[in-house]
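Report on the structure given below.
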Amino acid sequence: MSNPNEQDKALTDLIISREDEVTPKVLNAMADTDDARLKELMTSLVRHVHAFIREARPTEAEFEYGLRWITRLGQLTDESHNETVLAADIFGISTLIDLINNDGMQGETMSALLGPFYRGESPECVFGESIARSDTPGVELYIKGRVLELDGSPVEGATLDIWQASPKGLYENQDPDQADYNLRGIQKTGADGRFEFHSIRPAGYPVPTFGPAGDLLKAQNRRPFRPAHVHFIVSAPERKTLITQIFTDTDEAMAADVVFGAKKQICGNLVEHTEPHPDYPNAKLPFFTCEYDFILKPGTPSFPIPPISGKAKAADQAAGDAPVEEALQDV
Ligand code: BEZ
Ligand code: FE
């Protein structure tokens with residue numbers, strides 16, 4: 001461009017002067033992204049977030065509050081607590097991602113969200129053993145079943161990574177009264193695909209409410225409860241890893257799941273026993289049993305990065321998660 005006035009005009013045209021110029025300018029700035037998928041994700045994100053802002057028209061004070069809310073997600077996340085995962089869960093984001101990526105259409109067991117309490121590296125629990133590693137008052141629950149292929153044949157050498165809350169409604173990482181890795185364990189199936197372990201029947205529980213996720217739940221008058229369940233990651237070579245939960249609660253509690261994770265297809269059938277049973281000679285009466293088969297589909301195994309890696313120190317726990325009765329006073 002030879003004329004200096006024309007050049008100035010072309011440049012000033014590129015400088016933003018109006019609200020409606022921002023989105024195209026930002027999209028244009030990202031246009032040279034080499035990674036095609038990153039470009040697709042960020043383009044869509046910018047379009048939708050800008051559209052949200054144009055629709056809701058947040059004030060500056062609201063914007064500042066929102067940024068502070070997100071900052072606190074990171075500040076409260078450490079080795080024993082993951083507020084960021086919790087936030088994704090209470091918005092239904094984790095369940096939406098789960099359902100988009102796992103539809104159960106081939107006959108495999110339905111999945112469910114991972115949640116913020118998966119620690120990884122749990123101790124082994126051999127066939128028939130208990131995953132209770134410290135005295136855990138409650139009613140015994142015996143769980144057994146098989147890991148199967150789509151055609152019903154057994155999967156030998158499948159790994160089940162199991163974790164659950166106590167009847168107090170707390171995971172061991174939240175609770176100084178529970179031993180390290182209490183109610184967590186890893187078991188491998190034998191040639192017949194069978195697994196069997198026992199535990200203490202879990203309770204439904206409130207998700208942690210001491211941080212920004214809890215502030216939002218309170219502001220929205222939402223009850224912070226999850227229905228009772230046991231978590232599983234079931235994996236085997238050349239099979240898609242299954243992250244799921246078996247629910248052991250009422251339909252009412254499942255429908256009210258604060259993180260929208262409960263699904264009809266993964267409801268466990270609990271049977272109460274008030275008389276001795278020859279298959280469970282050491283069980284204390286009354287006790288519950290649950291039989292469940294997991295069905296895997298072919299695929300490439302992949303494993304989630306554990307949202308937490310350790311147990312909170314007693315002082316942090318006292319300041320943090322409340323047992324069920326205390327949480328109930330809040331709602
Ligand atoms: C859980 O099931 O462990 C869980 C899931 C989402 C939020 C909090 C807990
Ligand atoms: Fe859970």
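Every number for a ligand or one of its atoms is a count from 1 in the order of the listing.
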What atoms in ligand 1 come closer than 4.0 Å to a heavy atom of L86?
7 (C), 8 (C)

Geometry only, no angles: is D89 polar-contacting ligand 1 at N/O separations under 3.5 Å?
no

Proximal atoms of ligand 1 relative to P116 (non-hydrogen, under 4.0 Å)
4 (C), 5 (C), 6 (C), 7 (C), 8 (C), 9 (C)

Could you tell me whether R18 and D20 make a salt bridge, using a distance below 4.0 angstrom between a side-chain N and a carboxylate O?
yes

With R133 as the cation and Y181 as the aromatic partner, state whether NZ or CZ is under 6.0 Å from the six-membered ring centre and within 45° of the axis.
no

Under 4.0 Å, heavy-atom basis, I'd like to know which part of I90 is in contact with ligand 1: side chain, backbone, both or neither.
neither

H229 and T248: side chain donor to acceptor below 3.5 Å
no

Identify which of Y205, Y118, W163 has a heavy atom lying nearest to atom 3 (O) of ligand 1.
Y205

Only heavy atoms of V259, strictly under 4.0 Å: list the atoms of ligand 1 that pass.
6 (C), 7 (C)

Residue that, paired with K263, satisfies salt bridge (charged side-chain N to carboxylate O under 4.0 Å, His left out) out of D103, D98, D257:
D98

Answer with yes or no whether the side chains of Y142 and D279 bring together a donor and an acceptor at under 3.5 Å.
no

For the Fe ion (ligand 2), does an N/O/S atom of Y171 lie at less than 2.8 Å?
yes

